[in-house]
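Quick note: numbers below take in every heavy atom, side chains included, and nothing from hydrogens, waters or symmetry partners.
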Amino acid sequence: MSKVVLNNVRNVGIMAHIDAGKTTTTERILFYTGRVHKMGEVHEGSATMDWMQQEKERGITITSAATTCYWNKNRINIIDTPGHVDFTAEVERSLRVLDGAIAIFCGVGGVEPQSETVWHQADKYGIPRIAFVNKMDRAGADFYNVLKMVEDRLKAKPVPVSLPIGSGEMFTGIIDLIRFQSVIFDSSALGAKYYYGEVPADLKEIAEKYRKSLLEEVANYDDVLFAKYLNNDVIEAAEIIKAIRIGTLQNKIVPVLCGSAFKNKGIQQLLDGVVDFLPSPFDIPPVQGVNLKGNPIQRNASADEPLAALIFKIMTDPHVGRLSFVRVYSGAMTKGSMIYNPSVDKKERVARLLLMHANKREDCDKLIAGEIGAVVGLKHSFTGHTLCDSKNPIILESMDFPEPVISITIEPKSKADSDNLSSSLEKLAFEDPTFKISQDEETGQIVISGMGELHLEILIDRLLREFKIKAHVGKPQVSYRETISKGSTGEGRFDRQVGGKYQFAVVNLSVTPDQTADHGVIIINEISDTSMPREFFTAIERGVQNSVKSGVVAGFPLLKMKIVINDGEYRENDSTALAFEIAASMALEDALRKAEPAILEPIMALEISVPDAYLGDIINDLNARRAAIRKMDKRNDINIIDAMVPLRESFGYATDLRSLSQGRAVFTMRFSSYEYCDKKTQMEIVEKTRGFIPEYLQN
C-alpha cells in the first residue's frame with residue numbers, strides 16, 4: 001500500500017452507552033457508503049453488525065464486529081463495539097488497535113454511565129475522538145445540554161461543527177458551522193439526498209455565536225488561520241477543517257456533530273468528519289515495543305519496515321476454525337508465510353488471510369501496515385500476542401483486562417457431554433479474556449466466572465445452542481477478595497527433614513494495606529545480596545505469589561495490599577529452594593493472621609432512570625439491598641438515581657425493577673470497586689465457605 005493510499009485509511013471504532021444508537025449509526029454508514037444495499041434495523045434483528053443470534057434476539061451488541069467501507073476514495077475500517085458494561089473487554093481490545101473513535105451520545109440521555117467508562121478507556125490509549133449527538137428526533141432531545149454534560153462529566157473540550165435545526169418531531173436538518181449553511185435532508189430518499197441553503201433566520205444568532213466560538217478555538221492550532229481571524233479576513237472551509245484536525249489529533253478538542261441515525265439524518269456529514277478530523281495510520285505515533293532483551297524499540301507505519309502486528313481478538317468460526325483478528329502496525333503479512341510469535345517463542349504459518357464484514361469473509365493475499373484483518377491457521381497465538389518477523393523480533397504492549405466478579409457452577413448431564421463441555425469452554429475462554437474457568441477443589445464442579453449476569457447468561461446460551469452442550473447450571477456466586485486492615489510482620493521458619501534430607505529456611509516479611517493495588521498485590525523484595533545467595537530469591541517470591549491466591553479468612557485471592565520481603569536466613573548445606581518457598585508461604589500466613597484480615601466484596605455502580613410515580617418504591621428497595629445513594633438528579637420528568645450496591649444484593653435486579661415500575665424504569669450497572677464487607681456479611685461468607693468461624697475472626 002503506497003503512502004498516498006495509507007494516508008486515506010481510517011481505523012475507527014464506534015463507542016457509546018447501551019442504546020445510544022451505535023449499531024444503527026454503523027448500519028447507515030454501510031448503506032451510504034454502498035457496503036450494503038438495504039438498511040437493517042436493530043429492533044427487527046436485521047442489523048448487519050449484530051450477526052449473533054443472541055444479539056438479534058436481545059437487540060444489543062455483544063461482540064465487537066469489524067467491517068470496511070469507502071467514502072470519497074477513503075477506506076474506513078470500522079469496529080462496532082458493545083455498549084453493555086458486561087462486555088467492556090470488547091471495547092478495551094478494540095480501542096487498543098484503533099487510531100480514532102466516534103463517541104455517540106443520545107440526544108436525550110446525554111453522557112450516560114457507560115459513555116464515561118468507554119471515554120476513559122479511550123483516554124488511556126490517547127485516542128482522538130469526534131462526537132455524534134444522535135437521536136435528535138426524540139422528544140426531549142437537547143443538543144446543548146449534551147455539550148454541557150461532555151464538558152462537565154468527561155472534562156473534554158467539545159467544539160460543535162454542526163447545530164441541529166429543531167429537535168424531536170421538528171428536527172429537519174443541521175447547520176454546518178464550517179461552511180455556515182443549512183443542510184436539509186430529504187426523508188423520502190432515505191436521507192440519501194440533502195439540500196444546502198441559508199441558515200434559518202430564527203437560528204442565525206445562535207449559529208453566529210457558535211461559529212465565532214469554533215473559530216476562536218481552532219485558531220489556536222494554526223498560525224495562518226489565527227492571523228486571518230485577527231484581521232477579519234475571509235477564512236476558507238479547508239483552513240478551518242485543517243485547524244480542527246490538528247486540535248483533534250492533539251486530543252485538545254472534540255468536534256461535535258449531530259443527527260438522527262434512525263431517521264437517516266446527519267450520517268454523510270459524520271463520514272466527512274471521520275475523514276476530515278480523525279487520524280490515518282501515518283498520523284499516530286510509531287508503535288512502541290521491546291526486543292527480546294527488553295530494550296525499547298519502535299516501528300513506523302510503513303510496509304517497508306519489518307512486520308509488527310497485534311492479535312486483539314480470537315473468534316471461533318464454525319466454517320474456518322479459529323480466527324485471529326490482527327492489526328498490522330508495520331510491514332506486511334502474506335498468505336502462506338511463516339511468522340514469529342515472541343510471546344510464546346513459536347513460529348506460525350499463515351494459512352489464510354481474511355478481510356471481515358461482520359461474520360462474512362473475503363480472502364486476501366496480504367495485510368499491510370495500517371490494515372485490520374483476520375488470520376486463519378494460528379495454533380499457539382492468543383489475544384494480546386505479538387506477531388512479527390523472526391529476524392527482527394518485537395513484543396508490543398499487551399492488554400489489561402478486569403478480573404471477573406461473578407461465578408456460576410456448570411455440570412455436564414452425561415459423560416458424553418463432559419468432554420464436549422471442556423473443549424467448548426476452552427474455545428470460549430480463547431475468545432473472551434474476561435471469561436475464566438476453574439474447578440471447585442471440594443466438590444469437583446466446574447466454575448465459570450464473568451463480568452456480570454448478562455455476560456454469563458450469553459455464554460451459557462452459546463454453550464447450549466451453538467456448541468449443543470447439555471448441562472446443569474447453578475446459581476450465580478459472588479467472587480470475593482481478601483485484604484488486611486492494618487500492617488503487621490510475619491516469620492516463616494521451615495526446619496525439618498523431608499525425604500531423608502534436612503531442609504532449613506527462614507523468611508521475614510511485612511504486610512501493609514495499599515489502596516493503589518486495585519488489581520492484586522504489590523510484592524517488593526528487599527533482601528540484601530549479602531543475606532543469602534540470589535538463587536533463593538526466586539523461590540521466596542514464588543512462595544509469596546502462590547500464597548496470595550488464597551487468603552486466611554475464607555480462601556479468596558488477596559487484594560489491595562503491599563508485601564515487603566525483608567530478610568531471611570539460610571544454612572550452607574541445608575537450605576533449598578523448596579524450603580524457602582514453603583517458609584515464604586508460612587511467613588505470609590503468619591503476617592496475615594496478625595493484620596486483621598477481612599473480606600472485600602464487589603460493589604456495583606448503579607444508575608436508575610425512574611418516573612416520579614415509582615421513585616419511593618425504588619428507593620425503599622435500594623435501602624433493602626444495602627445500597628448507598630450518592631446523588632439524585634432530575635432530567636425533565638425523570639429522576640436519575642446514582643447509587644452503589646453490593647453485587648450479592650443485585651442479582652435479579654432487572655426483573656425486580658421491572659415489577660416495581662411497571663416496566664417504566666431502566667438501569668445500568670457496572671463494576672466499581674472492591675470494598676470491605678460489614679461484620680455480619682463477613683461471618684456469613686466465612687461460615688458458608690469453611691463451615692465454621694475460626695477463633696481469630698470471632699473477636
Test item: side-chain donor near acceptor, Glu411 and Thr409, under 3.5 Å: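 No, because no side-chain N or O of Glu411 sits under 3.5 Å from a partner of the opposite role on Thr409.
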I'd like to know if the side chain of Thr386 pairs up with that of Ser343 as donor and acceptor (distance under 3.5 Å, no hydrogens or angles considered).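 Checked: Thr386/Ser343 side chains show no N/O donor-acceptor pair below 3.5 Å.
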Is the closest side-chain heavy-atom distance between Pro281 and Arg327 below 4.5 Å?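 Contact flag for Pro281/Arg327 side chains = yes.
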With a 4.5 Å limit on heavy-atom distance, are the side chains of Leu355 and Leu367 in contact?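 Yes - at least one pair of side-chain heavy atoms lies under 4.5 Å apart.
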Is the backbone N or O of [Y] less than 3.5 Å from a side-chain atom of [X], with the two atoms forming a donor-acceptor pair by type?
X      : Y      : result
Arg349 : Leu378 : no
Glu482 : Ala554 : yes
Glu348 : Lys379 : yes
Ser423 : Asn420 : yes

Considering all heavy atoms, the nearest Ser449-Pro404 contact: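 For Ser449 and Pro404, the tightest heavy-atom pair comes out as CB-CB, 3.6 Å.
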Does NZ or CZ of Arg648 lie under 6.0 Å from the centre of the six-membered ring of Phe651, at an angle within 45° of the ring axis?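 Output no; distance or angle outside limits.
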List the steps, then state whether side-chain contact (heavy atoms from CB on, under 4.5 Å) holds for Asp461 with Ile458. CA-CA 5 Å; Asp461 191 46; Ile458 298 293; 5.5 Å; no
Using the test ring pair (Phe, Tyr, Trp, His ring centres under 6.0 Å), find all partners of Phe430 that sit at least two apart in sequence or belong to another chain.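 Result, ring pair (Phe, Tyr, Trp, His ring centres under 6.0 Å) vs Phe430: Phe382.
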Dump the intermediate steps for salt bridge (Lys or Arg N to Asp or Glu O under 4.0 Å) on Asp432 and Arg462, then the final yes or no. CA-CA 13 Å; Asp432 187 347; Arg462 287 189 64 191; over 6 Å; no
Separation of Glu371 CD from Arg75 CZ (nearest 0.5 Å):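 Between Arg75 CZ and Glu371 CD, I get 4.5 Å after rounding to 0.5 Å.
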Hey, can you tell me if Tyr480 and Phe556 have their rings parallel, tilted or perpendicular (30° and 60° cut-offs)?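 Ring orientation, 0 to 90° scale: tilted.
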